[in-house]
Amino acid sequence: MRLLLIHADYIEYEVKEKTKLAEDFEEKGDRVEEVLVAFTSVEKGDNEEVVTKAVGDILDVAKKVDAKRILIYPYAHLSSNLADAETAVSILKKMESEIAKEFEVKRAPFGWYKAFKLSCKGHPLSELSREITVEMDVTKALADEKKVRSYWFILKPEGELVEIENFNFEGYENLKKFAKYEMEKRRAVDAIPAHVEFMKRLEIADYEKASDSGHIKYYPKGRLIKSLLERFITEKCVEYGAMEVETPIVYDRNHPTLRKYLERFPARQYILEGDKREFFMRFAACFGQFLMLSDATISYKNLPLRIYELTRYSFRKEQRGELVGLRRLRAFTMPDMHTIVVDMDQAMKEFLAQYRLSVEVLREIGIEPSDYEVAIRVTKDFYTQNREFLQEIARVLGKPILLEMWDERFFYFVLKFEFNFVDSLDKASALSTVQIDVENAERYGIEFVDANGERKRPIILHCSVSGAVERVIYALLEKAKFKLESGKLPMLPVWLSPIQVRVIPVSERFRDKAIEVADKIKARVDVDDRDETLNKKIRDASMEWIPYIVVIGEKEIEEGKLSVTIRSESTQKEQKKVMMTIEELNERIKSECNGKPFARLHLPKLLSMRPSFR
RNA sequence: GCCACGGUAGCUCAGCAGGGAGAGCGCUUGCUUGGUAAGCAAGCGGUCGCGGGUUCAAAUCCCGCCCGUGGCUCCA
């Protein structure tokens, strides 16, 4: 709603002509003296809360300027995002009746062309404009969330549930850090997270000042890593049985179904002005997929039914202070799979299967169960009814789990798990997650037909099998930091290393030979043909975390073998050098990358041809 | 969004009780043609984050804004 408030000696108006939207009005016009005129545009999405706020504002001003009465004057020209006429009239009437409780008030008719004369008093407060918006129902939603009470437990692998203060954390240091972080959310550190330095130095990614905060640019090496992860994660979901789809990135903010969802979750949306409508940018793929499912004809025979999308991007306008490197962004890429199932029994079976899938996906990416901690969030009711099921989950990884129990359900789900990575600064961030949603099938009108021909509401599972791809990269880089601290050499898994093999000629004379060898290696391989010393080139390759460094000179040519420095077996003190044939090297790399997608090098093969991006 | 600290060459940073804009790395050129973690030399390179103010004079002092990091908060 937009308001223009003018404190006037008088206003005089005369109705001229009806528009199509006009409300009934018998008189010719009116003259009101010593009045605060509230020129008002009712906008799309305005509701009772807006009325309350607007009335509060108008009364405030009226009292401050000592006006004797108020006139509500519908004035469309203050906004380009007007509400429909019916809503506008009802809102204006509501304002009138609310103000009438405290103040003398009149209202000019809606939908007429009117002539008016007005004498503005001209004192400092005599002309004011206001824009009244509601943060959806954010305040209410936040208040509701605060009311939900959490109880913290540790679920032991044998299935025993222990109150957190009675759990002995000896031998579970990481879980202790995580639990502490979750419950207290306090931590004083004075360091830049390790991955931020790595992502810049390795030319993976960097901040882009010309964009909004939390939007990142990816250099060729970063794009390559990200692309491989995206392909891998997508393949795993499709292999699991999901149908890949693609849905829009922006949605109507006032779409009846979506609006209810937005109100329920006080998100921080990016808002986009359309020609006629106002849009928000998606924060997950739920909307598009749910809308697609609500139009689908689904039989119980089709269930469980899974659809999947890799969102590039999802947008969340997180608070400035929350944004850090690749850990939390305002635009991120997330695998988002939704599964609809017949009933809670099937939901639990799927939940367990997707839990196992998430473990497997992270493990193949290079993130082991020892690298993360499991959290389960569950309503008290669900826990009480499904104790054995939760014990079964606890057995999968055989390690204790942090369990948060809510006395009532506030979110749309009754059960959720997350895998949380604890980084070098003891900060925890969620990777994989699955939730059992008992609310959105109803909201979106998603149905299936059961064996008796009756329409039923399914239960929906939300699954992000790896969590945001950017966050996976963050976890891999932070994990590399741990390696560095333990005296080993930091590196990425071979299948994700932008350059897998570097061939270095001992001198200019062996350049062509080096290129020839490089062409026989089946991997992402490049050749350091720069005019630098051998030492320098070895050092540079090492600084780039290249898994295999091959040196070519007289000796290698004579022997017909390669001198290979293997990073994963070297330490900061000593390099592991092995003589092997090209075939042996190829075989080794092949086995390390088995089952993972491969992308060719998308940088010039010769280092002399390659720019430095920073 | 709030509080604190930071932003100087492509990168990492020094200079900051006001008065010549610097170093190392990188880049270019020349010498060097090497055997497993930085060969030598010269040169190029800067609206000192942006905007305003104070001053004879501002990278340096003051105000506002932007970006980053930590904390608060938050994380559908």
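Each chain gets a letter, A, B and so on, in the order its sequence line appears, and its residues count up from 1. All figures in this text were calculated on a predicted structure; none of them were measured in a lab. Below, each value reflects all heavy atoms present in this structure, side chains not excepted, and no hydrogens, waters or symmetry copies.
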| For atom P, what is the distance between B/G26 and B/G68, given to the nearest Å? | 29 Å
| query | When we call it a touch if two heavy atoms are under 4.0 Å apart, what does A/Gly467 touch: a base, just sugar-phosphate, or nothing? | reply | nothing
| Near-ring test A/Tyr270/A/His215, centroid separation under 6.0 angstrom | yes
| request: Look at the side chain of A/Arg328 and the base of B/C74, then say whether one donor and one acceptor between them are separated by less than 3.5 Å. | output: yes
| task | Specify the separation, in whole Å, of atom NZ of A/Lys427 and atom P of B/C74. | result | 13 Å
| request: Could you walk me through whether A/Phe287 and A/His255 pass ring-ring contact (aromatic ring centres under 6.0 Å, His included), step by step? | output: CA-CA 11 Å; A/Phe287 320 100; A/His255 183 283; 10.0 Å; no
| At under 4.0 Å between heavy atoms, what does A/Gly321 touch on the DNA or RNA strands: base, sugar-phosphate, or nothing? | base
| said: Centre-to-centre under 6.0 Å for A/Tyr372 and A/Phe421, is that the case here? | reply: no
| note | Sequence neighbours excluded, the answer for ring-ring contact (aromatic ring centres under 6.0 Å, His included) partners of A/Phe198 is A/Trp545
| message | Rounding to an integer number of Å, can you tell me how far A/Leu323 CG sits from B/G71 P? | response | 13 Å
| field | Nucleotide B/G68, atom C1' - distance to CZ of A/Arg327 in whole Å | value | 14 Å
| request: Rounded to whole angstrom, note down the C1' distance from B/A9 over to B/A4. | output: 29 Å
| request: Give none if B/A17 has no partner; otherwise give the nucleotide forming a Watson-Crick or G-U wobble pair with it, both distances under 3.5 Å. | output: none
| query | On a whole-Å scale, what distance lies between the C1' atoms belonging to B/G70 and B/A38? | reply | 33 Å
| What does B/U73 pair with, Watson-Crick or G-U, if both distances are under 3.5 Å? | none
| query | In the strands shown, is B/A57 matched to any nucleotide by a Watson-Crick or G-U wobble pair with both distances under 3.5 Å, and which? | reply | none
| message | Rounded to whole Å, how long is the line connecting atom CZ of A/Arg320 with atom P of B/C65? | response | 12 Å
| task | May I ask you to check whether A/His338 and A/Phe290 place their ring centers less than 6.0 Å from one another? | result | yes
| said: Tell me whether the NZ or CZ atom of A/Lys226 lies within the 45° cone about the ring axis of A/Tyr218 and under 6.0 Å from its centre. | reply: yes
| query | Between atom CZ in A/Arg201 and atom C1' in B/C13, what is the gap in whole Å? | reply | 17 Å
| query | Of all the nucleotides listed (B/G70, B/G68, B/A76), which has the minimum atom distance to the side chain of A/Pro193? | reply | B/G70
| request: Go ahead and name the base partner of B/U29; Watson-Crick or wobble counts if both distances stay under 3.5 Å, otherwise write none. | output: B/A41
| task | Do nucleotides 23-38 of chain B as a string where each nucleotide becomes B, S or -: B if the base has a protein heavy atom under 4.0 Å, S if just the sugar-phosphate does, - if no protein is that close. | result | ---S-----BBBBBBB
| field | For atom CD of A/Glu418 and atom P of B/C75, their distance in whole Å | value | 12 Å
| task | Give me the ring orientation class for A/Phe417 and A/Phe419: parallel if the planes are under 30° apart, tilted from 30 to 60°, perpendicular past 60°. | result | tilted
| said: Suppose you measure atom C1' in B/C50 against the same atom in B/G6; what distance do you get, rounded to whole Å? | reply: 16 Å
| What integer number of Å spans the P atoms of B/C61 and B/C16? | 10 Å
| remark: CZ of A/Arg524 to CD1 of A/Ile589, rounded to nearest 0.5 Å, is 10.0 Å
| request: Please tell me which of A/Ser213 and A/Phe413 maps to the more 5' nucleotide of RNA chain B, matching each residue to the nucleotide holding its nearest heavy atom. | output: A/Ser213
| remark: Taking a pair to mean Watson-Crick or G-U wobble geometry with both distances below 3.5 Å, B/G51 pairs with B/C63
| query | Between A/Phe198 (CZ) and B/U12 (C1'), how many Å, whole number? | reply | 16 Å
| request: Check the distance between B/A76's C1' and A/Leu461's CG and give it to me in whole angstrom. | output: 16 Å
